[in-house]
Enquirer: 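Handing you a structure now.
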Amino acid sequence: MGASSLPPKRSVITELPGPNSRALDARRAEAVAPGVSSVMPVYVARASGALLEDVDGNTLIDLGSGIAVVSVGHASPAVVEAVQAQVAEFSHTCFMVNPYPAYVEVCEALNALVPGDRPLRSALFNSGAEAVENAVKVARHATGRPAVVVFDHAYHGRTNLTMALTAKNMPYRDKFGPFAPEVYRVPVSYPYRDPVGMTGEEAAARSIELIERTVGADNVACVLIEPIQGEGGFVVPAPGFLPALAAWCRQRGVLFVADEIQTGFCRTGDWFACDHEGVVPDLVTTAKALAGGLPLAAVTGRADVMDRVHSGGLGGTYGGNPVACAAALAAIDTMKNEDLPAAARRIGDTVSSTLAALAADHPAVGDVRGRGAMMALELVRPGTTEPDPDAARRIAQACHQAGVVVLTCGSFGNVIRLLPPLVIDDALLAEGLAVLSDAVGAVLSETPL
Ligand SMILES: Cc1ncc(COP(=O)(O)O)c(C=O)c1O
C-alpha cells in the first residue's frame, strides 16, 4: 500500500500511542541508545502531504514537518519519482572521486536562489551541523582570523564545534565538553524579553559593543546567526537588527554568515528569511527543506570567499549524494511551481490569527511571533514574563493525544512552534489549529479535554 492511499483526514482509532507503537517502544528501549529521544512515541508506517499514518492505523496531522524538513509534503510525488529514478541509475560514486551532474545542478540552483546578485559558489554536505562547521572553516580560512561570534538562544547542531556554537546546556551540551575554542556569545534581539522599546539598531549596538570590547573586530572571522532563531524559540529580531549587524560586519571585514537551515526554502514566506529585510549574507548554510526529506546540506557563499579554500579542503564521502541531489532538484522545482513562498505567507496569515485569538483569551500566552509558516506562542505565568515550560509540555501532549503533531522549543522550553508542510490544505490546517486551540484552552483553564 502506498502513501497516496492514506485517508485524507485525521483519524484516531486507538489511544495514542497505540498498542503496536507501545510494543515497538519496548523493543526500542532494548535496542536504541536512550540519548536519542523522540517527541512523540508514535511509530510511523507511511506519510503523505501533511498526514502521518502510524503502525496502529491512526492518521495524524503533522504540524512539524519533521522539524521543518518536508516543506513540499511527505512523499511529495516529484521527490519520490526523482529519487526512484536516480537510485535505479546509481546511488553513490563520491563526488570527490567521480562527479555527476546533479551535484553541479544543485549548486547552480542554490547560487541562483540565495540572496545577493553576485557570483556565488556552493559545496554540499550531509547535515545542518556539517554545513555550519564548513561555513566556519571557510570563514576562518578566508579571513585568517580565529573567532566566531554567536548569539544567546542560538542552535547550530550537535557536533563538537556546533555544540560550542549552541547556547542551551540541556540537552545539547551537558557534560559533552570540552568544547571548541574561539567561540564568543553576545545578546540577540529578543523583543519580548529585551527592554521595552529597544529597537533593532539598539540591540545590534549592544551586541557590537560587546564584540568590540571583549573579542576585537580584527580577531573575528564571522558573525553566525539564525535570521529567525529555531530551537531557541522562534525569536524574530526587531527590524533593523540584522541589517545593522551585517553593515558592521562589512565595515570591519567580518563575514556575516546566515544559518538558514530552519528558515530557508520558503518557510518564512520568502525563499530565505534574510530576504525579508534585504540582508545579503557572505555565507549561507542550508539543509532541512532543501532536499524534501533526504539528507543534504549546503554552504553557499561569495565566490571570492569560497574560492580561497585549497582543493581538497572541503568535502566528505557522502556530501552531495546523488539521490539526495535528485531529491533537492525535485523539491526546488516543486517550491517554484507551486509558489511555496506564497503558500507559507497564506499559512502564516491563518496561523497568526488563531494564535492572536488565543493570546487575547489567555494571559498565559505571553507572545505570538514568527513569520510565514514558522509561527510560535510563548507561554508564561499570567501577568509576568516568567517562562512556563510545563504548560507548553502539557499543551503539546494534549495535541499529540488528539492526533496533531506540534513541537516545543525555546531556551526555557516554554514555546509551542508550528512548522506545517507548505502544501497542507486549508481544511487540515484549520483542524490542526482547532485541536491546538482546544488544548490551549483546556490546559490553561485547567478543564479536562
Ligand atoms: C538553525 C539550525 N542550524 C543547524 C541545525 C543542525 O542541523 P542538523 O540537525 O541537520 O545537523 C539545525 C537543526 O535543527 C537548525 O535549526
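All ligand and atom numbering here is 1-based and tracks the order in the structure. If you read the sequence from its start, that first residue is 1, and numbering goes on from there.
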Enquirer: Heavy-atom contacts under 4.0 Å between S127 and ligand 1: side chain, backbone, both, or neither?
Expert: both
Enquirer: Using a strict 4.0 Å cut-off to heavy atoms of E231, name the atoms of ligand 1 that fall inside it.
Expert: 14 (O)
Enquirer: Short N/O distance, under 3.5 Å, between I261 and ligand 1?
Expert: no
Enquirer: Could you report the tightest heavy-atom contact between A139 and L255, atom names first, then the distance?
Expert: CA-CD1, 3.7 Å
Enquirer: Quickly, which of S122, P115, P281 forms a side chain to side chain contact (heavy atoms under 4.5 Å, CB included) with T300? Name it, please.
Expert: S122
Enquirer: To the nearest 0.1 Å, how far is atom 4 (C) of ligand 1 from its closest protein heavy atom, and which atom is that?
Expert: H156 O, 3.3 Å
Enquirer: Hey, are D259 and Y155 close enough side-chain-wise for a donor-acceptor pair under 3.5 Å?
Expert: no
Enquirer: Evaluate E226 for polar contact with ligand 1, using N/O atom pairs at a separation under 3.5 Å.
Expert: no
Enquirer: Would you say T166 and R173 are linked by a side-chain donor-acceptor pair, where the criterion is simply a distance under 3.5 Å?
Expert: no
Enquirer: Could you tell me whether F125 and Y318 have their ring centroids closer than 6.0 angstrom?
Expert: no
Enquirer: Please work out, at 4.0 Å between heavy atoms, whether the side chain, the backbone, both, or neither of R158 comes within that distance of ligand 1.
Expert: neither
Enquirer: Would you kindly say whether D388 and N414 are connected by a side-chain donor-acceptor distance under 3.5 Å?
Expert: no
Enquirer: What residue and atom, counting heavy atoms only, is the protein's closest point to atom 16 (O) of ligand 1, and at what distance?
Expert: Q262 NE2, 2.9 Å
Enquirer: Counting only nitrogen or oxygen atoms and a 3.5 angstrom limit, does E130 reach ligand 1?
Expert: no
Enquirer: Does at least one non-hydrogen atom of I67 fall below 4.0 angstrom from an atom of ligand 1?
Expert: no
Enquirer: Please indicate whether any nitrogen or oxygen in A129 is less than 3.5 Å from any nitrogen or oxygen in ligand 1.
Expert: yes
Enquirer: Is L6 close to H74 at the side-chain level, that is, under 4.5 Å between some pair of heavy atoms?
Expert: no
Enquirer: K288 near ligand 1, heavy-atom distance under 4.0 Å?
Expert: yes
Enquirer: Just which atoms of ligand 1 are under 4.0 Å from any heavy atom in D259?
Expert: 1 (C), 2 (C), 3 (N), 4 (C)
Enquirer: I want to confirm something. Looking only at heavy atoms, which of C409, G128, A68, G232 is nearest to atom 10 (O) of ligand 1?
Expert: G128
Enquirer: Minimum heavy-atom separation for L124 and C325, please, with both atom names.
Expert: CD1-SG, 3.7 Å
Enquirer: Apply the side chain to side chain contact (heavy atoms under 4.5 Å, CB included) test between V309 and each candidate in R121, R140, H141, K137; give the one that qualifies.
Expert: H141
